[in-house]
Structures are given as C-alpha cells and as structure tokens.
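Here is the structure we will look at, set down as structure tokens.
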Amino acid sequence: MFLGAISVLLKLNSNLHVGLILMQPMPKDYKFVEIEQKWQSKWEEMKIYHYNWNDQTREPFSIDTPPPYPSGELHMGNVLNWTYFDIVARFKRMQGYNVLFPQGWDCHGLGIEIQVEKANNIRKRDIPSDQFRNMCMALVEKYIAMMKEGILKLGSSIDWTTEYRTMDPNYWRCTQLSFIQLYQNGYMYQGTHPVNWCPRDETAIADAEVDHVKKEGTLHYIKFPIAGSNEHLLIATSRPEFIPACVAIKVNPKDDRYSKYIGRKIVVPLTNREVTVIADEAVDMNFGTGAVQICTYGDKDDVKTVIKHKLPVIRLINENGKITDTECKYAGLYLNQTRTAIVADLTEAGLLEKTEKIQQEVGVCDRCKTNVEILERKQWFMKTMDLSEVVEKNANEIPWYPDYMKNRLIDWAKSLDWDWVISRQRLFATPIPVWYCKGCGEIIVAKPEWVPIDPKIEGPRIDACPKCGGKDFSGEQDVMDTWMDSSITCAVHAGWPDRPDWKRLFPASIHPSGTDIIRTWAYYLMVRHLALFNERPFNSVLINGMVLGADGRKMSKSLKNYAAAPEALAKNGADAVRQWAASGGATGSDIPYRIQDVEYGKRFLNKLWNASGFASKLLEDYTPQSAANVELQLLDKWIISKTENLTKKVTDSFEKCQFNTAVEDIRNFTWHVFCDYYLEAIKDRLYRPEVHGKESRLAAQYTLYEVLYRLLQLFAPVAPHVTEEIYQYMYLDSKSYTSIQVSEWPKFNPDIVSKEVEDQGDLIIAVLGEIRNDKAQKKIPLNAPIKNVTVYTGNVEIAKIIQKGAADITSTLKIENFTVLPDKFTQGRQVPSTEVYIQTEC
RNA sequence: GGACCGUUAGUCUAGUUGGCUAGGACGUCGCCUUCACACGGCGAAGAUCACCGGUUCAAAUCCGGUACGGUCCACCA
C-alpha cells in the first residue's frame, strides 16, 4: 500500500514518466552528471534509505559504518570503503532486509588539535581551552562538509537521519556512560605505569598510536668504571642522554666476558651514583658489547627489565621532554640538547671510546611524528589484556571477508604488553567524568544520570565525599582517547542506551574496516563491547585494502601519484568510479587507482545505456507478458537459462563480499553474451515478423525485456544511478516498484535452467562464430550476403539442434542457402571442439 | 627475527571445495563507418600460471621447500 502511494505521487510529480505509451524513448546520450545528481536527491526525497525503526516484520541488517575522522576532502581510500559497504547495503535492501546504514563523524583527537595549533601557530596552553575547542570544532565542521559532499556524490545509500558527531553532547553522554559502566564492572582503573608519551603533544598515547620508522642512529661505546678498581665495562648505547637515569647494567650470565662482574658495583659516568651489574638471559651477547645500561626509561625493554628486577626509577624527563631532575647538571635541557652535552662531557672525560652508525627503528607519534618517550604518570587504563582470549574466540567465530584478515586482529590482541591507556592530556576530546576528593583523594566517578558532564567546569553532584565527608573536589583534567568514542559505535548505532529494543540491531550484521585500522578500530570495538555487554559487537567483518597510486606505490601527494576523489567523481561519475572500486581487485587486497579501470567502467555504462535504448525501441509496441503466454525459441531459452545461472553466481559473490567477481561476471555477460550474441541474433526476428512469425517476435521481446531487467537488478547495487534511470524509462509501469533499489532481489529458479538448452544454444553460437570467422578471413563485410553454407554435423542429433537455430544463423549472417546435413564430412572449417564442419560459398 | 599476503601474456588482474582448450581489461596488430553503440563490431598475436620437489588418473589450484616483492608486528640496547 505504502509503496503504491509513493509510486502514484512520483508519477504525478514527474512529467517525464507520465504517458499513455508504455515505453518512453530514451535520450541518445547518457548524461551522468545530471542523472546522478537527480537520483541522489530523489532517493533522499523518497526516503527509501531510511531505516524503519518500527518495522517488526522485516529482518534488520545493520552496517557498522565507520565514522571517519574528518581530515579534509574525501580520498580514494574512503571511496573504496564506502563503495564496498554501499553495495552491501543496496544488495541487502533488495533482498528485503530493513537496512540500517548510519553515518557518524569521529571528531575528537590529536589530528585536529595539531592542525589547529599549526594553522594558528599556537600551543594548546596558549589560549583558553574553550576557545581552543571551538577552533577545533569549526575546523571539524569544515572538513565534515567536504567529506559529506564526497559521500553524497558517490551515491551512498546512507540514512542521514542517523547522522551524529562524537563531539556532540549526546555522544559524549554515550562515551561517558560507557566509561562509568566499565568502571563499575572493574574494567577501568587508575594507575601509575610507564606509558608511551609524545613530548610535542604532551600526552600519553597508546601502543596503537605509535608508528615505527627506520632511522639512522649512533651507537656510543662508553666506559663505565667498575667501582673500586681501575677496570671498566664498555657499554654500547644509542641513547647516551639517558645515562643520568641509569639504574643498572645488565649482561647475559652465559657471557664469559662479564659473568664475573655480576653483582659488582659500577660507577655511572658523569654522576656520583653506583649501580649493580645484573644477570638477564635476554641480553644478546652479539650486539654492541653485550653489556647494556638500564635507564628509566630509554625504551620499552627498560620497562620490562625494571619490572622484572624491581629496579628503582629515576624520573629524568618531564612532560615536554626536558630534563627534570634538579640534581642533574643538564636540568632544563631538551633531550637532544642533553645528548650533545653528555657526549661532549664524556669525550672530555675520556670515557667515550668510539661511535658507529646503526640502523634502528624508533617509535614516533603517529600524528606528529615526534619521537615517543616513556613516562610514568598517573593515567587511566582499561583492562584489555585479560580479554585477549575472548577476543580471539569471538574473532574466530564470525566470518571475515577475506578470511585471513582475522589473524591481524588475533595477533595484535595476543601481542599486547600493556593495558590500554585511555587518558590523554589534551583538550579536544570527551572528558573523563571523574573527580577527586581534595581531602582524602577518593575517586568520585559520575553517576549515569549526570552525563554528559565536564568535570573541569562542573563539580560532582554530591554534597560531601562519601569517604571523608570533605566538600572540596578537583575535576579530572585528563580527557579520553578518541578511540573511546569510536569503539562503541555498534551499540550506539543500534540505539543504546536509549532504545529498549537496541539489541534487535546488536551485534551489527557487518563491520567494515580497513587493513590499517584492524588493530585499532576492530580491536577496540571488540574489547569494549565485550567488556560492556559480554557480547561481540559484530557478526561479520568486511576488510578493504589500501588504495595505491597508479604506479602501485602508496598513494601520496609527495609521490605525485595522488588522485583526488572529488575530481575523479566529477570527471567520471559515481557509477564509473564505483565500478573501479568494486572490481579493482579481490576484497581485502590493496588496489591501485587506475584511470583505465574507471574509463572501462564508463564505457560499460555507455554500452548498457545504448543497449537499453535500443531495446526500448524494439519494445515500443510490447506489452509485458507472463512467461506462459510466449513460445520461447531455443536462443531465448538459452539466454534465460544463462541469466539464471548468472543470478546465482552474482548473488553468491555478493553474499561473500566478492565484489570484483560479481562485477566482472555481470559486465562480461551483459556485453559479450547479451549484446554481442543475443541482441544480434534476434534483430531479424524483431524486424521481420512476416518471415519468422509474430509468436517468435513476441518471444524475443519477452526475453529481451526480462533479461535486461534482470541484468539491471544485478547491477543496481554497483551502479545505482544508471540502472535506476533505465528502470524508470522501461520498467516503472510494469514492475510496480517506485525504484529499482527497492525491487525484490531475484531468487535463483533452478526450473528454468537447462544444461541441455545451454549446450544447444552454445552450439548455435559456435556455428555462428565460425561462419563469422570465415567471412572475416575472406575479408567480406559482415553484413554482406553469403550464397551457400553447408553444415556437416556428423550425426542426426546435432543436425536437428543446428536446424533449430537455422533461422537465427541465416538471418544474423545473411545466408541465402543454408543446408544442414547429418553426414560426416571433415573438410572446410571445423567448429572448435565439435565434429561439425562448415563449407561456405560466397 | 616473526606473522600474513602476493608472484598468472608488454601492463593490470580473475580464476574460493583440483577437471582449463587458463577468463577479462588496458595496450599492440588486422579487417569492418553493418540499420543501438567507433565510448562500437569481428578477428589476430601475446602466458613453459616465479622456481624446485611431492601428492594425484589429473595441479595455476593441495602439501613441503627456495627466491623475490608487499603489509603488519617485534626488535637490538
């Protein structure tokens, strides 16, 4: 009823489609710019992409759309990603699911803050924090507008009524609520542990935010005097600046050079301190000198050693990477200045034996590329290490497309050394809803009904500290990691915490992710939802690879292989670009952006448009029939059977997210089977009913009409605009759906598949092809008549089959006398892989 | 160092339970301006499916190994 009403409205509103004649003539050229734009706004008006929250009958299908980080214009990677899951959304919608395809924006974080700092040449502390936040929000809005435009131009079938921003108060509420629940469940704790620290951004960062880059370093060989003797130990270190924080020397107990020194005291150069030589089998005897200084903290290995051997900690640097130890002569210097000073001092003292260059990998902040240090400071953590087993279990229980990508998540979960540090010393983020009692230090976590709340601005809504009765509180200054926002999307998309029925949409049906964010987004989603709800967040994972430049290297502006997505879309149209995205390579593999692929997509659209236009002309006088009313000929049955098999193949491919094979199959069939053979073969039947009979003509029209409809449907998820436009011209009146996008996905019908018919049709096509070859070789134009063709089939059965296609063969090739003989005669042209021979005479 | 992925014509790529005469695209060459489409049609050339070994009646496909490339992770103080 509802659909019918829309259909009527649409017809009233659109002069183009109103008329008494069934089939409207289609324009000669396909003008993708205006047609794509037209449908993008019409679909929006028709609300066909809205999720129906009240529908209790259709099964829901929910897509965990990634809320992208607004970083500027849409890029080709986004195009690939959004094409993938838009195909899934459209396919599932046509299959009858109530599809939830939401869209949010992941706003917070260092990326935006750093851009604001750089653009205005300021640091976060230089201006009031609310002013800084406002600048961040303005920049985010600008970027959202740019990306949204790109996503719209791509033709994504998003339900925009679901749009959200993680910086909105309501989303803050969700994030803070999830924090509170996790605290209550024992998953959130405060602690003083060494964490990765970015001195430039002055914040803790998680392992996942540390990039490793190859750099050339210098290995310094330094003499560490042995206390009470004239001897010394030679230590090799790439970080001499950490000597003031040296707390031990470790050697391998199996190392004959040093085992005698274990337990001895060593004088730390340039300080008056003595440290002990300790034994640790992890020391590589072949690297450097085999004696290692342990400093707090030069690297992660130092952290491990300190914990293992219960060594003391010297806090050498402060939050911005300056030497903090006031006892130390280098106090106030930055680390790199300290290094220069220390190397000079060591040289002067005669303690620097030599230096050599080494290749090393250094951890850098993934946002600003500053070298990461390790710092101990009070932080909030989520207990994630304990969940690694259950993460693995759940990852194994669901399908991944492609399957092998699950290893990336499992390997990452198993490899983690530390819990997830979720506090950040930044501004543009969701506040941690916590206060501290100034009297006794008691932690006051917000009650669920208080959020959203910013403890920097507002106090806790209690009269007194429940522990000591104190009335003074200080609000938590730290904020949350951005991943705390985006790692609850599955629940938020489903309607948590407000909709009582949110579990209807949870877990999400499919979680799309890129190879680059499996260890962050997919992982954090897993641990957070498992900890919050004891349930996995999604029931399948779709992984996209990275988009490379045309040269196969990583796409980047500096390599001059960068392609701008808005430009690509404007120049080629969404349907062409979407074909590239879908067919550029197997799902999950990295695919280069090749303009030839886009252009091929464009040419295919043109072919499809022309074929449809031609068909609509041939169907001008056709009234849609039911199958029972037509007497199908061999080639009609042949292509119908093949189309049915194609339907099965394409449906299977879409189910398994194998977009590339689906697209290849549809295009090849449309172009080379439907257009090149079938359309050519039926022309004469359609043009000359007086020769072939009215029944034959009607059968051809019926087949043409239904097969083309099927092809349009199969292609609709990939190229929604062109298929919609053709549908509106040719099928709106008879098929009754307001849009091909809400038409019912065809179900494979084995009853109309016939291997026998396909084999027979293939034989006719093969004979046809062979006579064509003959003409080509004799350099006769294809439409020139041939006088005599004699076919020797070798047996009666084959002769009968070819006789069935005789009319198609003679009319297609303009044969005047066509004779089929059952005799065995092996001269002339052999039809490949048959015993059929052909003799022609012009 | 570990894990994963890949290696198919000049280039890019398909080939998911082994049956291929290895499919498609771009490019190249030849013919055809044939009444949907020259953004087209017909045709041709071009691949020992990286290498070595194994399983099998049968291997691009399965197993083991080697080489090269890519990605991720862990590292070397």
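Every chain is numbered from 1 and lettered A, B, ... according to where its sequence line falls, protein lines coming before strand lines.
A donor-acceptor pair shorter than 3.5 Å can be found between the side chains of A:Y221 and A:E356. A:R239 and A:Q293 share no side-chain donor-acceptor pair at under 3.5 Å. A side-chain N or O of A:T840 and one of A:D774 form a donor-acceptor pair less than 3.5 Å apart.
Distance, A:D516 CG to B:rC5 P: 19 Å, rounded to whole Å. For A:E241 and B:rA77, the CD to P distance is 12 Å, given to the nearest whole Å. Rounded to an integer number of Å, the gap from A:F674 CZ to B:rA36 P is 14 Å. Atom P of nucleotide B:rG40 and atom CG of A:L608 are separated by 14 Å, given to the nearest angstrom. Remark: C1' of B:rU13 and CD of A:Q658 are 15 Å apart, rounded to the nearest angstrom. Between A:D302 atom CG and B:rC76 atom C1' the separation is 12 Å, expressed in whole Å. Note: CG (A:D280) to P (B:rC76) measures 12 Å, nearest angstrom. Between A:K357 atom NZ and B:rA77 atom P the separation is 14 Å, expressed in whole Å.
Contact annotation for A:C295: no contact, since no heavy-atom pair falls under 4.0 Å across all strands. No contact: A:D597 has no heavy atom under 4.0 Å from any strand. Note on A:K28: only backbone sugar-phosphate atoms sit closer than 4.0 angstrom, heavy atoms only; bases stay farther off. Residue contacts shown for A:G363 are absent, as no nucleic acid heavy atom lies under 4.0 Å away. Within the nucleic acid shown, A:S238 comes within 4.0 Å of sugar-phosphate atoms alone, with no base atom in reach, counting heavy atoms only. Using a 4.0 Å heavy-atom criterion, one finds that A:A586 contacts the sugar-phosphate atoms exclusively. A:R667 comes within 4.0 angstrom of no nucleic acid atom, judged by non-hydrogen atoms across all strands. Base contact: A:F287 has a heavy atom under 4.0 Å from a base atom. Across all strands shown, A:D411 has heavy atoms under 4.0 Å from sugar-phosphate atoms exclusively, and none from any base. Residue contacts shown for A:E599 are absent, as no nucleic acid heavy atom lies under 4.0 Å away.
Candidate nucleotides B:rA14, B:rC76, B:rA36 were compared by shortest atom distance to the side chain of A:K607, and B:rA36 ranks first. Comparing atom distances between the A:Y404 side chain and each of B:rC5, B:rA74, B:rC76 picks out B:rC5 as nearest. Counting only heavy atoms from C-beta on, A:N773 has its side chain closest to B:rG43 among B:rG43, B:rC73, B:rA36. Here B:rC37 is the nucleotide among B:rC37, B:rG41, B:rG15 with the atom lying nearest to any side-chain atom of A:N610. Of the candidates B:rU13, B:rC76, B:rC4, the closest approach to any side-chain atom of A:D299 belongs to B:rC76. With distances taken from any side-chain atom of A:K304 to the nucleotides B:rC75, B:rA77, B:rC5, the minimum falls on B:rC75.
No donor-acceptor contact under 3.5 Å links the side chain of A:Q596 to the base of B:rU11. Residue-to-nucleotide contacts include no donor-acceptor pair under 3.5 Å from the side chain of A:K602 to the base of B:rC39.
Going from the P atom of B:rU8 to that of B:rG70 covers 15 Å, rounded to whole Å. Going from the P atom of B:rU28 to that of B:rU56 covers 48 Å, rounded to whole Å. Between B:rA47 and B:rU33, the distance separating the two P atoms is 32 Å to the nearest Å. Atom name P, nucleotides B:rA45 and B:rG10: the rounded distance is 15 Å, in whole Å. Rounded to the nearest Å, the gap between the P atom of B:rU7 and that of B:rU17 is 15 Å. Between the C1' atoms of B:rC12 and B:rG27, the separation comes to 11 Å (whole Å). One C1' atom belongs to B:rC63, the other to B:rU55, and the distance between them is 7 Å to the nearest Å. If you take atom P in B:rC32 and the same atom in B:rC51, they sit 41 Å apart, rounded to whole Å.
OP1 and OP2 of B:rA3 both lie 4.0 Å or more from every side-chain N or O belonging to A:N407. In this structure, A:W671 reaches the B:rG41 phosphate: one of its side-chain N or O atoms is under 4.0 Å from OP1 or OP2. Side-chain N/O atoms of A:Y687 include one lying less than 4.0 angstrom from OP1 or OP2 on B:rA36. Here A:K683 reaches the OP1 or OP2 of B:rA36: one of its side-chain N or O atoms lies under 4.0 Å away. In this model, the phosphate group of B:rG40 is approached by a side-chain N or O of A:R603 to a distance below 4.0 Å at OP1 or OP2. Within the 4.0 Å cut-off from OP1 or OP2 of B:rA25, at least one side-chain nitrogen or oxygen of A:H672 is found. Between B:rC5 and A:R408, no contact under 4.0 Å exists linking OP1 or OP2 to a side-chain N or O. For A:K300, no side-chain nitrogen or oxygen approaches OP1 or OP2 of B:rA77 to under 4.0 Å.
A tilted orientation is assigned to the rings of A:Y261 and A:Y258, their planes being inclined by 30° to 60°. The aromatic rings of A:Y593 and A:W580 sit perpendicular to each other, their planes meeting at more than 60°, with 30° as the lower class boundary. Ring orientation note: the planes of A:F604 and A:W671 are tilted relative to one another, at an angle of 30° to 60°.
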statement: Secondary structure of RNA chain B per the Watson-Crick/G-U criterion (both distances under 3.5 Å; [ ] crossing, | other strand, . unpaired) is (((((((..((((.....[...)))).(((((.......))))).....(((((..]....))))))))))))....
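A side chain to side chain donor-acceptor pair (under 3.5 Å) with A:K300 holds for exactly one of A:D207, A:N196, A:T305; it is A:D207.
Remark: A:E770 does not engage A:R772 in a salt bridge, criterion side-chain N to carboxylate O under 4.0 Å. The pair A:D652-A:K648 meets the salt-bridge criterion, since a charged nitrogen lies less than 4.0 angstrom from a carboxylate oxygen.
Side-chain atoms of A:W400 come within 3.5 Å of backbone N or O of A:A395 as a donor-acceptor pair.
Map A:S583 and A:K656 each onto its nearest nucleotide of RNA chain B; the residue landing nearer the 5' end is A:S583. Summary of the strand contacts: A:I358 and A:R772 both lie near RNA chain B, and taking for each the nucleotide with the nearest heavy atom, the more 5' one is attributed to A:R772.
The structure places CD1 of A:I809 at 8.0 Å from CD1 of A:I838, a figure rounded to the nearest 0.5 Å.
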- request: Please step through side-chain contact (heavy atoms from CB on, under 4.5 Å) for the pair A:T296 and A:F242, ending with a clear verdict.
  value: CA-CA 8 Å; A:T296 54; A:F242 272 91; over 6 Å; no
